[in-house]
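Since the model is a prediction, treat every value here as computed from it, not as a measurement. Letters go in sequence order (proteins before strands), and every chain restarts at 1.
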Protein chains: 2
Amino acid sequence: MLDEQGCPDCKRINEVLSRVGDRWSVLIIISLAQYGTLRFNELKRNLGISQRMLSLTLKELERDGLVNRTYHPTIPPKVEYNLTPLGESFRQPVAALGQWALGNLSTIDAARATYDEATGP
Amino acid sequence: MLDEQGCPDCKRINEVLSRVGDRWSVLIIISLAQYGTLRFNELKRNLGISQRMLSLTLKELERDGLVNRTYHPTIPPKVEYNLTPLGESFRQPVAALGQWALGNLSTIDAARATYDEATGP
DNA sequence: CGGTATCCGAATCGATACTG
DNA sequence: CAGTATCGATTCGGATACCG
C-alpha cells in the first residue's frame with residue numbers, strides 16, 4: 001500500500017485502533033470498567049465469548065498495558081483481571097462510544113430498513 | 001453460542017460496534033468530520049484505503065444513515081460524501097477515541113516493548 | 001479453574017482487471 | 001472518476017481436546 005496520504009495521523013490512529021479497537025477488546029474493557037475485577041470464567045460467561053478468543057484478547061490487552069492479570073496459585077487456581085490506569089483512561093472514550101451505540105441502535109435500524117426498501121425490491 | 005449473559009447490553013453494543021466500529025468506518029467519519037465534503041478519490045488518497053474497501057464501507061455507512069452520498073451526473077462523474085446529522089452526532093465519541101488513540105500510542109508501544117522483553121527472549 | 005494446541009470453515013481484505 | 005467483479009492470501013473465530 002502506498003503512503004501518499006494527506007492525513008498523516010490516520011496511519012497512527014489506524015495502528016492503535018487495530019490494537020484496542022476490536023469488538024472483544026472493547027467489550028472486555030466495558031465489563032472490567034463496570035465490575036472492577038473479574039475472573040476468567042466470569043468474563044467468559046458475561047460476554048458470551050469463546051475460551052480461545054477471551055484468552056487471546058486478554059493476552060493482547062495485558063501486553064498493551066490496558067489490563068492487569070493477577071494469578072493466585074491456589075487450588076483450584078484463580079486468575080483475576082482488572083484495568084490498569086491506562087485502561088481506566090480508556091474508559092471515557094469507550095463509554096462515550098458505547099452510550100452512543102445504545103442510544104442510536106434503533107435509529108440505525110430504521111435507516112437500514114428505509115435504505116433496503118428503497119434499494120432492494 | 002449460548003446466551004446466558006449477565007451483561008444484557010453487550011449483545012446490542014456488539015451489534016452497533018460491528019456496524020460502525022470497524023477501522024475504516026471510523027477513519028472515514030473522522031475525515032468527513034474534518035473536511036466536511038469529500039469525493040471518492042479524495043477519501044481514497046487521504047486514507048490509503050483500497051478502492052474496494054472504500055466502496056464497501058461507504059455503502060454500509062450510507063445504509064446506516066451516517067453518510068450522505070450525492071451523485072453529480074457530469075462527465076467525468078463526480079460523487080460527494082458528507083456526514084448526515086446522525087453521522088455528525090457520532091463525531092463526538094469518535095473524536096474522543098481518536099484523541100485517546102493518538103495520545104497513548106507511545107505509551108502502548110512502551111508497554112509492548114516491556115512485555116515482550118519480560119516474556120519473549 | 002484457567003488456560004494451550006490443533007483443526008478447519010468463514011469472513012476479510014488487497015491486488016487486479018474491467019465498465020459506464 | 002467512480003465504481004463492480006473476481007480471485008487468492010491471510011486472518012478470524014468457534015469447536016474440540018487436552019494439560020497443570
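Note: B:R39 CZ to B:R45 CZ = 9.0 Å, rounded to the nearest 0.5 Å. Rounding to the nearest 0.5 Å gives a distance of 5.0 Å between CD of B:E60 and CZ of A:R112.
A:R45 has no side-chain polar atom (N or O) that falls below the 4.0 Å cut-off from OP1 or OP2 of C:dC1. Using a 4.0 Å cut-off, some side-chain N or O of B:S55 falls inside it from OP1 or OP2 of D:dT4.
Place A:L56 and A:P76 on DNA chain C by their nearest nucleotides, and A:P76 ends up nearer the 5' end.
Here C:dG2 is the nucleotide among C:dG2, D:dT4, D:dG14 with the atom lying nearest to any side-chain atom of A:Q51. Taking only side-chain atoms of A:N41, from C-beta outward, the nucleotide of D:dG14, C:dG20, C:dC1 with the closest atom is C:dC1. Of the candidate nucleotides D:dG13, D:dA2, C:dC1, D:dG13 has the atom nearest to the side chain of A:M53. Which of C:dG3, D:dG3, D:dT4 sits closest to the side chain of B:R69 comes down to D:dG3. Minimum atom distance to the side chain of A:R52 is reached by C:dC7, of the listed C:dG2, D:dT4, C:dC7.
Among the atoms of the strands shown, none is found under 4.0 Å from any heavy atom of A:K44. As judged by a 4.0 angstrom heavy-atom cut-off over every strand, B:R23 is placed among residues making no nucleic acid contact.
Linking ILVMFWY residues whenever their side-chain heavy atoms come closer than 4.5 Å, directly or via other members, leaves A:I75 and A:V79 in distinct clusters.
Straight-line distance from the CG atom of B:L58 to the C1' atom of D:dG3: 11 Å, rounded to whole Å.
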